[in-house]
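Just so it is clear: chains get the letters A, B, ... in the order the sequence lines come, proteins before strands, and each one is counted from 1.
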Number of protein chains: 2
Amino acid sequence: MADMSGNSTHEGGQPGRIGIGLELDATHLKILEVLRENGRISVAALAERVGISRANAYTRFEALRADGTIKRFTAEIDHVRAGLGITALVFVTVRQQMWRQFRAQLAQMPEVEYCAITTGQHDAMIQVRMADVAAVHTLVTERLANIPAVKATETVFILDEVLKRPYVLPTDRRPGQTVRRPVPDPAGAEVPLGKMRFVGAAEGRAQLQQDV
Amino acid sequence: MADMSGNSTHEGGQPGRIGIGLELDATHLKILEVLRENGRISVAALAERVGISRANAYTRFEALRADGTIKRFTAEIDHVRAGLGITALVFVTVRQQMWRQFRAQLAQMPEVEYCAITTGQHDAMIQVRMADVAAVHTLVTERLANIPAVKATETVFILDEVLKRPYVLPTDRRPGQTVRRPVPDPAGAEVPLGKMRFVGAAEGRAQLQQDV
DNA sequence: GTTGAAATTAGTACGAA
DNA sequence: TTCGTACTAATTTCAAC
């Protein structure tokens, strides 16, 4: 799940060989942290910031790309300056058994920045950026509503984007927070059992990392 | 509106000087199109792909950065491979007059990838990526619920991300769609007046671009 | 806004630890 | 695996047109 146009988890060839890829160590994560802030940094400068040799940086950099952990490099722009100052979310109810058509139609809509299938009241959420409110209205009533697979929509506008990170990493934690290691669970520790079990299970699953 | 941590529209200093920035022409947009797909391309190669000279490409590239149209360069990663295979949306109802505190708390949460203030039933939408479902549960019940500014939350899980573009541009239009130019409105054209007015108004506003 | 040449920097390929 | 260095290729800068 959570695949982008089905190009990650089972991309290779042989079925049965799940692409586990690299085990990301602390150095890999540090590289990803630096690249998140500056995707155009030279590998030489990257090596210095991470604290490894240039050759090592090249090796790891290439491995992360080849592995698919790094999908691509891109820019981040100011939508307002680009002329698309209005952002809206459209929650879509999809007619059952028309998912394939729904996806096909979306592929034809370059003005959509993001689309995800969700649980809950609606089936999908679409994020669009347009020049003005009227353009959103046109999109929803004339384009989306005409897709047979779309049963209903609900539109909300985004008034402000408080934060938008390119991505988050397992190493991103709240300032004062210490790394939550899977404690070896010493029997006899005086903690509420119910809560302990819950937290323990969560940590255990967190170890597995893939196959979600 | 739609500012990222208040760093775009009114960033400079003097009030009254709205940062209009560049007028983006077709070449600027083409540069942004190329950089969206390959943020690490050399300016030399960029020039070739856009069909302009090297020096021109450097000038425009620098202008876009200095202007703030390009905010930064970054990478795109595979969340599953990075160990955060679960994505969730948390819709938050914020207690009135506690917005400042709400924003302050969010700034302390590096695990949040995206947060936007919305119209509609809820007040804000937060997107988070975690290692497992239990971690989402912990985040919502123990971190978010403990923020006084948070009155209520509603969580949905993302089952699949159908598409995710770094950004959209005004030039992104559906394959067969022709560029909708603000036609000079020749009086006497035989179109339904009501509709005409509506579309005309929309196009007019699209011209303005900022101050939305 | 364009072209061409110089200086700098980046990327590659080794052997050694 | 990782590091250090030397080699090659490319990019950026700067100048003149």
Side-chain angles (χ1 to χ4, degrees), chain A residues 12 17-77 81-83 166 169-171 179 181 207 209-210, chain B residues 20-78 81-83 166 169-171:
Chain A
R17 280 200 67 201
I18 307 285
I20 286 196
L22 312 164
E23 271 309 305
L24 300 186
D25 59 22
T27 306
H28 287 121
L29 291 171
K30 210 164 175 187
I31 290 174
L32 294 178
E33 281 177 38
V34 174
L35 291 176
R36 171 169 55 183
E37 300 306 318
N38 182 6
R40 272 181 88 86
I41 194 172
S42 72
V43 181
L46 175 67
E48 192 181 20
R49 289 203 49 184
V50 174
I52 56 178
S53 71
R54 291 207 304 153
N56 193 1
Y58 274 104
T59 306
R60 288 168 173 272
F61 182 85
E62 245 314 293
L64 286 169
R65 296 203 68 168
D67 174 63
T69 303
I70 296 176
K71 290 201 268 196
R72 64 171 163 178
F73 293 92
T74 187
E76 218 175 277
I77 71 164
R81 279 175 211 264
L169 293 170
T171 37
V179 180
R181 257 175 308 193
Q207 299 295 117
Q209 287 189 344
Q210 39 266 125
Chain B
I20 285 195
L22 312 164
E23 271 311 302
L24 301 186
D25 60 22
T27 306
H28 287 121
L29 290 171
K30 211 165 176 189
I31 289 173
L32 294 178
E33 281 176 39
V34 174
L35 290 176
R36 171 169 56 184
E37 300 306 318
N38 181 7
R40 274 182 86 87
I41 195 173
S42 72
V43 181
L46 174 67
E48 193 182 18
R49 289 203 50 187
V50 174
I52 55 178
S53 69
R54 262 88 45 81
N56 193 358
Y58 274 104
T59 305
R60 288 167 175 273
F61 183 85
E62 248 315 302
L64 287 169
R65 296 203 67 170
D67 176 62
T69 303
I70 296 175
K71 290 202 269 199
R72 64 170 163 180
F73 292 93
T74 187
E76 218 175 276
I77 72 165
D78 184 322
R81 279 176 212 265
L169 293 170
T171 36

Item to check | D:dT1 OP1/OP2 closer than 4.0 Å to side-chain N/O of A:R60 | outcome: no

Item to check | Separation of atom CZ in A:F61 from atom C1' in D:dT2, rounded to whole Å | outcome: 19 Å

Item to check | B:R81 side-chain N/O to A:D67 backbone N/O, donor-acceptor pair under 3.5 Å | outcome: yes

Checklist entry - Does a donor on one side chain and an acceptor on the other come within less than 3.5 Å for B:T74 and A:E37? => result no

Next on the checklist: Closer than 3.5 angstrom, by distance alone: can the side chain of A:R40 be matched with the main-chain N or O of A:L35 as a donor-acceptor pair?
Outcome noted: no

Checklist entry - Side chains of A:P166 and B:E76: does their closest heavy-atom pair fall under 4.5 Å? => result no

Next on the checklist: With the threshold set at under 4.0 Å for non-hydrogen atoms, list the residues of residues 32-55 of chain B touching DNA chain C in residue-number order.
Outcome noted: B:S53, B:R54, B:A55

Item to check | Heavy atoms of other groups near A:R49 CZ, more than 12 under 6.0 Å | outcome: no

Next on the checklist: Keeping A:R65 on the side-chain end and A:R60 on the backbone end, is there a donor-acceptor pair under 3.5 Å?
Outcome noted: no

Checklist outcome for this item: Counted 5' to 3', the first and last nucleotides of DNA chain C within 4.0 Å (strictly under) of a heavy-atom of chain A are C:dA10 to C:dT12

Next on the checklist: Go nucleotide by nucleotide along DNA chain D from the 5' end; which of B:Y58 and A:T59 gets its closest nucleotide reached first?
Outcome noted: A:T59

Checklist entry - So, does B:R72 use its side chain to make a donor-acceptor pair with the main chain of A:G39 at under 3.5 Å? => result no

Next on the checklist: Applying side-chain contact (heavy atoms from CB on, under 4.5 Å) to B:L64 and B:L24, what does each step give before you reach the verdict?
Outcome noted: CA-CA 9 Å; B:L64 287 169; B:L24 301 186; 3.8 Å; yes

